[in-house]
Number of protein chains: 2
Amino acid sequence: MFSKSCEYGLRAVLFIAQQSDKGAKVSMTTISEEINSPQAFTAKILQKLTRTDIVKAVKGPHGGFTIEPEMMDTKLSEIVTILDGDSIYKGCALGLKQCDANSPCPLHFKFIEIRDNLQEMLETTSIKSVVNDLSLESIILKR
Amino acid sequence: MFSKSCEYGLRAVLFIAQQSDKGAKVSMTTISEEINSPQAFTAKILQKLTRTDIVKAVKGPHGGFTIEPEMMDTKLSEIVTILDGDSIYKGCALGLKQCDANSPCPLHFKFIEIRDNLQEMLETTSIKSVVNDLSLESIILKR
DNA sequence: TTAATAAAGGATAAAAAGGTCTTTAAATCG
DNA sequence: CGATTTAAAGACCTTTTTATCCTTTATTAA
């Protein structure tokens with residue numbers, strides 16, 4: 001469904017958000033340990049998210065990554081779009097370039113429902129709301 | 001969503017089915033022209049589907065591919081599983097190996113709905129039913 | 001101002017996905 | 001039978017994705 005980049009990116013964001021919520025900054029080493037992802041690769045992914053200001057990076061001793069309170073309202077759809085583009089929402093199930101209500105592929109009307117549900121879910125789910133669920137026990141970001 | 005292999009595979013199957021329905025056998029050259037896909041690559045994909053008996057291949061002059069009447073009831077989910085595996089139905093949105101109702105990732109309960117809808121759609125849609133829709137004008141398999 | 005810390009960035013490598021080409025096998029027809 | 005047609009199979013190549021490593025830059029604290 002999502003690329004590895006997007007999976008790691010979402011996990012990293014949720015972990016950083018959880019820690020930021022507690023007032024803690026987290027280093028790249030901690031992140032990759034806590035979400036069980038390849039460190040250097042995850043660092044590249046976070047660079048994209050810092051350039052787009054979703055995550056804030058601070059260099060030097062006691063530096064690390066945080067997500068500022070106002071960015072906690074960021075929707076998961078934004079993160080997915082940055083990392084995987086919008087083909088998951090807009091692409092045709094059969095890979096046709098011109099597939100819409102006017103000239104639909106044979107799966108168009110069945111598939112569009114699922115795509116729209118996914119889009120709706122990601123567009124209405126904020127980082128903040130997921131972090132609130134994370135505080136409930138038994139929810140995990142590792143393995 | 002689906003891999004290129006799966007996209008080409010589904011389009012090829014639907015085209016073959018449509019032609020078989022009219023009593024026609026189709027060659028690899030015709031298929032790749034009509035669904036606008038790379039021929040040699042599509043041939044590889046169809047080999048997987050002939051080994052699993054969804055498609056029947058006949059060598060030699062006037063040979064080609066057909067789908068026999070009893071295979072027209074094959075569900076799209078079978079084709080997707082053969083070509084892309086079952087991770088699209090079973091995989092975790094965040095890529096966690098152990099993610100289920102007992103130890104869910106933070107998106108588990110939201111995501112499972114979408115995954116299940118997709119699975120349901122593919123498991124209840126047969127080749128035959130799509131071919132019937134294909135006979136309705138304006139439905140396309142190209143471009 | 002220097003040493004330590006931590007992210008950024010570039011170069012490179014490994015693996016997977018996507019795609020091609022050539023040879024082999026099977027079927028048909030003259 | 002032999003020539004021809006068509007799919008199967010295997011070897012190979014290309015591109016993209018995933019991943020690592022190493023150097024540079026920024027920040028901090030002593």
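So that the names make sense, note that chain A is the first sequence line, chain B the second, and so on, each numbered from 1. Side chains are part of it too, since the values below use all heavy atoms of this structure and drop only hydrogens, waters and symmetry mates.
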Out of D:dA9, D:dA7, D:dT20, which nucleotide sits closest to the side chain of B:Lys59? D:dA7
It should be established whether A:Gln47 places a side-chain nitrogen or oxygen under 4.0 Å from OP1 or OP2 of nucleotide C:dG9. yes
Only residue of A:Val55, A:Ile127, A:Val26, A:Thr66 satisfying side chain to side chain contact (heavy atoms under 4.5 Å, CB included) with A:Ser20 is A:Thr66
Most 5' of A:Gln39 and A:Val58 on DNA chain D, judged by nearest nucleotide: A:Gln39
What nucleotide among D:dA7, C:dA7, D:dA29 has an atom nearest to a side-chain atom of A:His62? D:dA29
Once you apply a heavy-atom cut-off of 4.0 Å, does B:Ala40 come out as touching a base, just sugar-phosphate, or nothing? base
What nucleic acid atoms does B:Thr29 come within less than 4.0 Å of, heavy atoms only: base, sugar-phosphate, or nothing? nothing
Looking at the side chain of B:Pro61, which of D:dA7, C:dA7, C:dA27 is the nearest nucleotide? C:dA27
Any side-chain N or O of A:Ser5 under 4.0 Å from OP1/OP2 of D:dT18? yes
Can a donor-acceptor pair be found, under 3.5 Å and without considering hydrogens, that links the side chain of A:Thr52 to the backbone of A:Lys48? yes
Can a salt bridge be assigned to the pair B:Lys75 and B:Glu123 using a cut-off of 4.0 Å between side-chain N and carboxylate O? no
Check this one for me: any side-chain N or O of A:Ser27 less than 4.0 Å away from OP1 or OP2 of C:dT5? no
With a 4.0 Å cutoff (strictly under), does any side-chain N or O of A:Arg51 reach OP1 or OP2 of C:dG9? yes
OP1 or OP2 of D:dT18 less than 4.0 angstrom from a side-chain nitrogen or oxygen of A:Tyr8, does that happen here? no
If you apply the rule side chain to side chain contact (heavy atoms under 4.5 Å, CB included), what do you find for A:Ile16 with A:Leu46, and how did you get there? CA-CA 11 Å; A:Ile16 297 165; A:Leu46 282 180; 4.0 Å; yes
Residue pair B:Pro38/A:Val26 against DNA chain C: nearer the 5' end by closest nucleotide is A:Val26
When rounded to the nearest 0.5 angstrom, what distance separates CZ in A:Phe65 from OG1 in A:Thr30? 11.0 Å
For the base of C:dG19, is there a side-chain donor-acceptor partner from B:Lys44 under 3.5 Å away? no
Side-chain N or O of B:Thr50 versus OP1/OP2 of D:dA8: is the shortest distance under 4.0 Å? yes
